[in-house]
A.B. asks: 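Dropping the structure in here first, questions after.
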Amino acid sequence: MNKQVPLRAQRDRVGLDMISRYADALARSLDEEMRKAYQPTEHKTLRRFNVSEVAELTGISPSNFRARHKDGSFPDVETDSRGHRTYSAEEIDQIRDIMFRTGKNGEAYKPGRRLGDEMQVISVVNFKGGSSKTTTTIHLAQRYALRGYRVLAIDMDPQGSLSTFFGFRPELDFEDEDSLTIYDAIRYEDRKAGLRRASMREVIRKTYFKNLDMCPASLMLSEYDSETANALTQVATGRAQHSIFAVRLTEALQMVKDDYDIVLIDCPPQLGFTTLTSLAASTGLIVTVVPGMLDVASMSQFLKLTTETMSVISSSTKRPQEYDFVKFLITRYEPSDGPQTQMASYLRHILGKQVLINPMLKSTAISDAGMTQQTIYEVEPKHMVKSTLERALKSMNSAANEIEAVIQNAWGREWHASSSTT
């Protein structure tokens, strides 16, 4: 009688080499798709904006645009096939400069830092994946760049999703030792091994987006957590030669503190040393939360653990950790969903004014744009259903404007976004 072969032994086994081939095949395919999406240059470029969009961004009325173009005080710009004017981000900045010099309430056209204002470093955080941290970070960064702020976006997630939005393929673009990422600016030096810490200026990359620079991430950033644990062991044994992790990003940002108004940090979905380093460098926090029971419960645990951990860090560094603001942004919100509406009300009841009034709606426009690593500010309007795109833009702009007012208040100014007087 033949022995039966166990079912498990009959199955095809999948080894690590096969998983590696899956990864390589996906990486090659994604790279090809990205190149197709960015033809003919194979690099991301920023579209032009119509007069209504520029009016919303600057606070200049369409009628004032017409008058200014007619009297020659605004520069000539391209027109589309229908004869309507369109503007590049650079031309929007030129117009903003003109209004700063000649318009009423000129300072409203230059909303960035003034003398005595500190650079705002804002971490977008939560314990849970899927709470739209990266989506929030990239949209806020682009919105504020279009509004005239000098913005730096930092990808602190080893997965590199924010970097991908900027047209990078982290698994391909940063394999070379000369391709520096944020990891190189906060890493621990090892002179014997020839490993040095890069300056922030070496890591920062100019982007296709006017007023917006970024620091990319790659999987190497995951090494930071284990290296930090080793560094802390050296501290405990008195052999430390490095500054503690809690100040490493703060130290890196000191070099560029006069170059930017706002720094936005996309944090990974866990409370490791990478997130703690970001939190310690921050002046403000945006906590993204999906209005569901499990998500809120996870956020509660995150806040508790964060408080306890940061308290220990503050004690050891003798630097009190205080923020200009901590705000909760409801994301992926569906107003027609009864349980979500109830949970949003619950959050507002418990946390009060710390919950932003304007939620970020769940939108197919955002997800569809994301398929080509774009945001709703980048995607060509003609490629979207008009009503769907307008709804998503209204939601995102409202949330961004509310956070902008919070930032301005931190600088000691009462502010309403797009409040320029023309």
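Predicted, not measured: the structure shown is a model, and the values here were computed from it. Values below: all heavy atoms of this structure, side chains included; hydrogens, waters and symmetry mates excluded.
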A.B. asks: Applying side-chain contact (heavy atoms from CB on, under 4.5 Å) between L152 and each of D259, V121, L253, report the one that passes.
C.D. replies: L253

A.B. asks: Does a donor on one side chain and an acceptor on the other come within less than 3.5 Å for Q374 and T372?
C.D. replies: yes

A.B. asks: Could I get the full list of salt bridge (charged side-chain N to carboxylate O under 4.0 Å, His left out) partners for D157, not counting sequence neighbours?
C.D. replies: none

A.B. asks: Which heavy-atom pair separates E251 from S243 by the least distance, and what is that distance?
C.D. replies: OE1-OG, 3.0 Å

A.B. asks: Could you check whether K327 pairs with E402 (Lys NZ or Arg NE/NH1/NH2 to Asp/Glu carboxylate O, under 4.0 Å)?
C.D. replies: no

A.B. asks: Would you call E56 and R143 a salt bridge, using N to O less than 4.0 angstrom?
C.D. replies: yes

A.B. asks: Only counting residues at least two apart or in another chain, list the ones meeting salt bridge (charged side-chain N to carboxylate O under 4.0 Å, His left out) with K110.
C.D. replies: D97

A.B. asks: Would the number of heavy atoms belonging to other residues, nucleotides or ligands and lying under 6.0 Å from CG of D76 be above 12?
C.D. replies: no

A.B. asks: Hey, is R47 close enough to E53 for a salt bridge, meaning N to O under 4.0 Å?
C.D. replies: yes

A.B. asks: Which salt bridge (Lys or Arg N to Asp or Glu O under 4.0 Å) pairs, counting each pair once, include a residue from residues 367-381, with sequence neighbours left out?
C.D. replies: K44-E378

A.B. asks: Tell me, with the steps shown, if Q142 and F209 meet side-chain contact (heavy atoms from CB on, under 4.5 Å).
C.D. replies: CA-CA 8 Å; Q142 291 186 354; F209 214 103; 3.4 Å; yes

A.B. asks: Of all heavy-atom pairs between S278 and S123, which one has the smallest distance, and what is that distance?
C.D. replies: O-OG, 3.5 Å

A.B. asks: Please check if the side chain of T341 supplies one atom and the backbone of P335 the other of a donor-acceptor pair under 3.5 Å.
C.D. replies: yes

A.B. asks: Would you sort out whether F168 and F174 count as a ring-ring contact (aromatic ring centres under 6.0 Å, His included), showing the intermediate values?
C.D. replies: CA-CA 9 Å; F168 296 112; F174 308 127; 5.5 Å; yes

A.B. asks: Is any side-chain heavy atom of Y260 less than 4.5 Å from a side-chain heavy atom of I204?
C.D. replies: yes

A.B. asks: Taking all heavy atoms of D184 and all of S179, pick out the closest pair and write down the distance.
C.D. replies: OD2-O, 4.4 Å

A.B. asks: When you look at M396 and I376, which way does the side-chain contact (heavy atoms from CB on, under 4.5 Å) test go after all the steps?
C.D. replies: CA-CA 9 Å; M396 189 63 68; I376 54 175; 3.9 Å; yes

A.B. asks: For G148, does its backbone N or O pair with a side-chain atom of N211 as donor and acceptor, under 3.5 Å?
C.D. replies: no

A.B. asks: Does any non-hydrogen side-chain atom of F74 lie less than 4.5 Å from one of I60?
C.D. replies: yes

A.B. asks: Going by the rule ring-ring contact (aromatic ring centres under 6.0 Å, His included), which residues pair with Y188 if we only count those two or more places apart in sequence or in a different chain?
C.D. replies: Y224, H242

A.B. asks: Between I186 and L221, does a side-chain contact (heavy atoms from CB on, under 4.5 Å) hold up when you go through it step by step?
C.D. replies: CA-CA 9 Å; I186 60 175; L221 184 56; 4.1 Å; yes

A.B. asks: Do the side chain of Y323 and the main chain of L279 share a donor and acceptor less than 3.5 angstrom apart?
C.D. replies: yes

A.B. asks: If I take atom CE from residue M220 and atom CG from residue L180, how far apart are they, to the nearest 0.5 angstrom?
C.D. replies: 11.5 Å

A.B. asks: Assess whether a salt bridge exists between R248 and E189, defined as any Lys/Arg side-chain N lying under 4.0 Å from an Asp/Glu carboxylate O.
C.D. replies: yes

A.B. asks: Quick check: closest heavy atoms across G129 and P269, and the distance to 0.1 Å?
C.D. replies: N-CB, 3.8 Å

A.B. asks: Taking the side chain as every heavy atom from C-beta outward, state whether L146 and F49 have any pair of such atoms under 4.5 Å apart.
C.D. replies: yes

A.B. asks: Hey, does M200 have a side-chain heavy atom less than 4.5 Å from the side chain of I182?
C.D. replies: yes

A.B. asks: Between atom OG1 of T45 and atom OH of Y208, what is the distance when rounded to the nearest 0.5 Å?
C.D. replies: 9.0 Å

A.B. asks: With side chains defined as the heavy atoms from C-beta onward, is the minimum distance between H69 and V51 less than 4.5 Å?
C.D. replies: no

A.B. asks: Quick check: do I262 and R147 have side-chain heavy atoms less than 4.5 Å from each other?
C.D. replies: no

A.B. asks: Hey, could you give me the OG/CD1 distance between S73 and I95, rounded to the nearest 0.5 Å?
C.D. replies: 9.5 Å

A.B. asks: Using a strict cut-off of less than 4.0 Å between a Lys/Arg side-chain nitrogen and an Asp/Glu carboxylate oxygen, indicate whether R187 and E223 qualify as a salt bridge.
C.D. replies: no

A.B. asks: I need the single residue from I138, D155, T135, T136 that forms a side-chain contact (heavy atoms from CB on, under 4.5 Å) with D266. Which is it?
C.D. replies: D155

A.B. asks: For the pair F245 and F273, name the ring-plane relationship: parallel under 30°, tilted 30 to 60°, perpendicular over 60°.
C.D. replies: perpendicular

A.B. asks: P170 versus L219: any side-chain heavy-atom pair under 4.5 Å?
C.D. replies: no

A.B. asks: Considering all heavy atoms of both residues, which atom of M119 and which atom of V256 are nearest to each other, and what is their separation?
C.D. replies: SD-O, 4.2 Å

A.B. asks: Where the side chain of Q408 meets the backbone of P111, is there a donor-acceptor pair that is under 3.5 Å apart?
C.D. replies: yes

A.B. asks: Could you check whether any side-chain heavy atom of L271 comes within less than 4.5 Å of a side-chain heavy atom of L276, counting everything from C-beta outward?
C.D. replies: yes

A.B. asks: If we count only N and O atoms by modelled type, under 3.5 Å, do the side chains of T283 and E118 hold a donor and an acceptor together?
C.D. replies: no

A.B. asks: Just by distance, do the side chain of T134 and the backbone of L162 share a donor-acceptor pair under 3.5 Å?
C.D. replies: no

A.B. asks: Is the ring centre of H84 less than 6.0 Å from the ring centre of F65?
C.D. replies: no

A.B. asks: Between the main-chain N or O of T274 and the side-chain N or O of D225, is there a donor-acceptor pair closer than 3.5 Å?
C.D. replies: yes

A.B. asks: Using ring-ring contact (aromatic ring centres under 6.0 Å, His included) as the criterion, list what pairs up with Y144, not counting sequence neighbours.
C.D. replies: Y149

A.B. asks: Donor-acceptor check, side chain of R113 to backbone of Q120, threshold 3.5 angstrom: yes or no?
C.D. replies: no

A.B. asks: Is any NZ, NE, NH1 or NH2 atom of the basic residue among R413 and D117 found under 4.0 Å from an Asp or Glu carboxylate oxygen of the other?
C.D. replies: yes

A.B. asks: Could you tell me whether the side chain of R348 and the main chain of I357 form a donor-acceptor pair under 3.5 Å?
C.D. replies: yes

A.B. asks: In sequence, state the C-alpha distance, the side-chain angles, and the governing distance for R169 and T164, and then conclude on side-chain contact (heavy atoms from CB on, under 4.5 Å).
C.D. replies: CA-CA 6 Å; R169 295 298 309 162; T164 302; 3.7 Å; yes

A.B. asks: To the nearest 0.5 Å, how far apart are CG in N126 and CG in L285?
C.D. replies: 11.5 Å

A.B. asks: With rounding to the nearest 0.5 angstrom, report the CD1 to CE distance, I313 to M310.
C.D. replies: 4.5 Å

A.B. asks: Tell me every residue that passes salt bridge (charged side-chain N to carboxylate O under 4.0 Å, His left out) with D213, counting only those two or more places apart in sequence or in another chain.
C.D. replies: K206

A.B. asks: Check for a donor-acceptor pair, side chain of S395 on one end and backbone N or O of L361 on the other, with a separation under 3.5 Å.
C.D. replies: yes

A.B. asks: Please round to the nearest 0.5 Å and tell me the distance separating atom NZ of K382 and atom CG of L389.
C.D. replies: 13.5 Å

A.B. asks: Evaluate whether atom CZ of R197 has more than 12 neighbouring non-hydrogen atoms of other residues, nucleotides or ligands under 6.0 angstrom away.
C.D. replies: yes

A.B. asks: Mark yes when over 12 heavy atoms from residues, nucleotides or ligands other than R332 sit less than 6.0 Å from its CZ; otherwise mark no.
C.D. replies: no

A.B. asks: Ignoring hydrogens and geometry, is there a side-chain-to-backbone donor-acceptor pair from S300 to V296 under 3.5 Å?
C.D. replies: no

A.B. asks: What I want to check is whether the side chains of Y377 and N397 have a donor and an acceptor closer together than 3.5 Å.
C.D. replies: yes

